[in-house]
Amino acid sequence: MKINSIRGVKDILPGEIEKWRWVETVAHEIFSRYGFKEIRPPIFENSALFARSIGETTDIVEKEMYTFTDRGGEQITLRPEGTASVVRAYIEHKMHYPPSVVKLYYLGPMFRYERPQAGRFRQFYQIGVEAMGSANPAIDAEAMAMLLEFFKDLGLSGLQLQINSLGCQNCRPAYRETLKAAIRRHLGDLCANCNQRHERNPLRVLDCKVERDREIARGLPKTKDHLCQDCQTHFEEVQTLLRTAGTEFSLDPLLVRGLDYYTRTTFEVVSSSLGAQNAVCGGGRYDSLVEEFEGPQTPCFGFALGLERLILSLPPDKTENIGSPPDVYLVSLGVETQRETFRIAQELRASGLFVERDYEENPVSLKSQMRKANAKACRFALILGENELKSGKLVLKNMANGEQTEIPSSDLAREIQNRLGK
RNA sequence: GUGGGCGUAGCUCAGCUGGUAGAGUACUGGAUUGUGGCUCCAGGCGUCGCGGGUUCAAAUCCCGUCGCUCACCCCA
């Protein structure tokens, strides 16, 4: 019986995984330098957590969640995003004591039931960052500047930071009504989708991708013209600070985003080197979410970036030669040498060397083993044949210049370490 | 959920209007009796995605089905 992987998921194989580890290492370094600490929430939660935080009328909740009933009768959902879990953990562990800004990041798989395509999977990985406990625009600007620094260190180019402000609980309701009224005048011209959603989620009409709708959207009232004084000031300060940090950005008044919890600043980073799914990172401020889950008033800013998309857009020269080759390829000839080959390999590894060998039970030719040593770019080939077994001296060949020397088997580790300069 | 493209060797792919498979690469051996990279020679490899139909004959034509992929919706 042949069983394949599930649609929309994939194995990350050796050769590919090195890129992942490199990206993760860079993220850990930079985020740590900005004072963010790692958190690892579970990958499944009570379904209600996601439904209430992301929004009942969003696509994620309406049709994309992996939900099941467990044996105890609980409604469980594989997390479609990370912010909800972090907010839950923040409240559950009372991280607001003592009062200070809590800066967290996480890394791991997310799950959404969608049709896969380039840069979109049913299990996909995100690195997310959440700064909790401050409404200071410096938080917004600092997080976005950190993000761009991260991209720069990875050697990414062709990225664009787009920002917008969605207002707050004070100014959004009025804007929402204004927008609805304006949309109503165009209902006949808008797509079926927009006709449906203008009542429940009118802001989403703004970022409809249908060309004719985009024309109309450009003429609709924009959030940025309907912000209250506080939101206006906040948004302007975010822009000022971004300029101070030397972070390039552009304003996109149609940037709305599909999760309901966003307030004030929202942003996306899009890459020109991806296909239709070009958003590498998205995020923004969510100032009321903690309160909605019965935590204290806690303004927050966060973002999540898609690792598959990030890795797809890495420049090729950055991803070559990741990982190091073996120090020694241990060549063995003849069946009589097999046990000694095993013993020497273990001894050299115990001394810290990276040793590869051949595992054919009926040893293949010396030529073939030398080819493998070469193909794996090994620094040295160490040859053990029947002659060497008798004399107790092995042949060590430097693969770069072809020089060979005989080394007593008792001195192997030390001699190789010396030649490697270790 | 809808639409386009594609499923042939481990990998990348060729195979025209039907005559039951081929190249490159990789692998193994040899030229070089126990020495890699370059070159040359030789060798093995296939349920032609699966099922059915048409036909003397199907990788090729028809129908169905599964899978992959790209795109729409939406998003990381």
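In what follows, chains are A, B, ... by sequence order, proteins preceding strands, each numbered from 1.
One can find a donor-acceptor pair under 3.5 Å joining the base of B/rG34 and the side-chain atoms of A/Asn387. A donor-acceptor contact under 3.5 angstrom links the side-chain atoms of A/Glu388 to the base of B/rG34.
Among the nucleotides B/rU35, B/rA76, B/rC72, the one closest to any side-chain atom of A/Gln126 is B/rA76. Taking the side chain of A/Lys397 as heavy atoms from C-beta on, and the options B/rC68, B/rG36, B/rA71, the nearest nucleotide is B/rG36. Distance from the side chain of A/Gln404 is smallest for B/rU35 among the nucleotides B/rC68, B/rC74, B/rU35. With B/rC75, B/rA71, B/rG34 as the choices, the nucleotide that has an atom nearest any side-chain atom of A/Asn278 turns out to be B/rC75. Of the candidates B/rC74, B/rC72, B/rU35, the closest approach to any side-chain atom of A/Arg204 belongs to B/rC74.
Within the 4.0 Å cut-off from OP1 or OP2 of B/rC75, not a single side-chain nitrogen or oxygen of A/Arg309 is found. Within the structure, every side-chain polar atom (N or O) of A/Gln369 is placed at least 4.0 Å from both OP1 and OP2 of B/rU35. Of the side-chain N and O atoms in A/Gln117, none sit less than 4.0 angstrom from OP1 or OP2 of B/rC74.
Pairing for B/rC45 is absent, with no Watson-Crick or G-U wobble pair whose two atom distances lie under 3.5 Å. For B/rU39, the paired nucleotide is B/rA31, the pair qualifying as Watson-Crick or G-U wobble because both relevant distances are below 3.5 Å. Nucleotide B/rC72 forms a pair with B/rG1, judged by Watson-Crick or G-U wobble geometry with both contacts under 3.5 Å. Nucleotide B/rC11 forms a pair with B/rG24, judged by Watson-Crick or G-U wobble geometry with both contacts under 3.5 Å. Nucleotide B/rA57: unpaired (no Watson-Crick or G-U wobble partner with both distances less than 3.5 Å).
Distance CG (A/Leu384) to P (B/rG34): 16 Å, rounded to an integer number of Å. Taking atom CD on A/Glu64 and atom P on B/rC72, their separation rounds to 14 Å, with Å as the unit. The interatomic distance linking A/Phe121 (CZ) with B/rA71 (P) rounds to 11 Å, in whole Å. Between the NZ atom of A/Lys367 and the C1' atom of B/rU39 there is a distance of 11 Å, rounded to whole Å. We find that CG of A/Leu255 is positioned 14 Å from P of B/rC74, with the value rounded to whole Å. Rounded to whole Å, the distance from CG on A/Leu312 to P on B/rA76 is 16 Å. One atom, CG of A/Leu274, and another, P of B/rA71, lie 10 Å apart when rounded to the nearest Å. Nucleotide B/rC75 holds its P atom 15 Å from the CZ atom of A/Phe267, rounded to whole Å.
Between the P atoms of B/rG18 and B/rU55, the separation comes to 16 Å (whole Å). Rounded to whole Å, the separation between the C1' atoms of B/rU60 and B/rU8 comes to 11 Å. Distance check on atom C1': B/rG67 versus B/rU28 gives 33 Å, rounded to whole Å. A distance of about 15 Å separates the P atoms of B/rC11 and B/rU69, rounded to the whole Å. As rounded to the nearest Å, B/rG15 and B/rU54 have P atoms that lie 29 Å from one another. Taking atom P on both nucleotides, B/rG37 is separated from B/rA26 by 11 Å, rounded to a whole Å. The P atoms of B/rC72 and B/rU12 are separated by 25 Å, rounded to the nearest whole Å. Remark: the separation of the P atoms in B/rU17 and B/rC61 is 7 Å, to the nearest Å.
Within the nucleic acid shown, A/Ile383 comes within 4.0 Å of at least one base atom, counting heavy atoms only. Across all strands shown, A/Ala373 has no heavy atoms under 4.0 Å from either base or sugar-phosphate atoms. As judged by a 4.0 angstrom heavy-atom cut-off over every strand, A/Arg112 is placed among the base-contacting residues. At the heavy-atom level, A/Gly275 lies under 4.0 Å from the strands shown only through sugar-phosphate atoms.
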For nucleotides 2-13 of chain B, tabulate all protein N/O to nucleotide N/O atom pairs closer than 3.5 Å, reporting atom names and distance.
{"unit_1": "B/rU2", "atom_1": "O4", "unit_2": "A/Arg115", "atom_2": "NH1", "d": "3.0"}

Please write out the pairs of protein N or O atoms and N or O atoms of nucleotides 26-28 of chain B separated by less than 3.5 Å, giving the distance to one decimal.
{"unit_1": "B/rU28", "atom_1": "OP1", "unit_2": "A/Ser368", "atom_2": "OG", "d": "3.2"}
{"unit_1": "B/rU28", "atom_1": "OP1", "unit_2": "A/Lys372", "atom_2": "NZ", "d": "3.4"}

I would like to know whether A/Tyr66 and A/Phe44 meet ring-ring contact (aromatic ring centres under 6.0 Å, His included); could you show each step before the answer?
CA-CA 10 Å; A/Tyr66 271 99; A/Phe44 54 81; over 10 Å; no
How far apart are the C-alpha atoms of A/Phe36 and A/Tyr105, what are their side-chain angles, what is the distance that settles it, and do they pass the ring-ring contact (aromatic ring centres under 6.0 Å, His included) test?
CA-CA 6 Å; A/Phe36 287 82; A/Tyr105 72 99; 7.3 Å; no
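Between A/Gln417 and A/Leu353, some side-chain heavy-atom pair lies under the 4.5 Å cut-off.
Shortest non-hydrogen contact noted between A/Lys103 and A/Ala131 is CG-CB, 4.3 Å.
Under the 4.0 Å criterion applied to side-chain N and carboxylate O atoms, A/Glu149 and A/Arg33 are assigned as salt-bridge partners. Salt bridge present: A/Glu38 and A/Arg40 bring a charged side-chain N and a carboxylate O closer than 4.0 Å. Ion pairing of A/Arg343 with A/Glu340 is present here, as a side-chain N (NZ or NE/NH1/NH2) and a carboxylate O approach within less than 4.0 Å. Using a 4.0 Å cut-off between a side-chain N of Lys or Arg and a carboxylate O of Asp or Glu, A/Glu114 and A/Arg122 do not qualify as a salt bridge. A salt bridge between A/Arg419 and A/Glu415 is present, with a side-chain N of the basic residue lying under 4.0 Å from a carboxylate O of the acidic one.
Of the possible donor and acceptor atoms, one in the side chain of A/Arg79 sits under 3.5 Å from a partner among the backbone N and O of A/Pro109.
Along RNA chain B, the nucleotide closest to A/Ala279 and the one closest to A/Asn374 are compared, and the more 5′ of them pairs with A/Asn374. Two residues, A/Met370 and A/Glu268, neighbour RNA chain B, and the one matched to the more 5' nucleotide by heavy-atom proximity is A/Met370.
Between A/Phe303 and A/Phe267, the ring planes are perpendicular. Angles over 60° get that label, and only those under 30° would be called parallel.
Checking A/Thr265 against A/Asp140 by side-chain atom types alone, a donor-acceptor pair falls below 3.5 Å. Judged purely by distance below 3.5 Å, without hydrogens or angles, the side chains of A/Glu130 and A/Tyr286 pair a donor atom with an acceptor atom.
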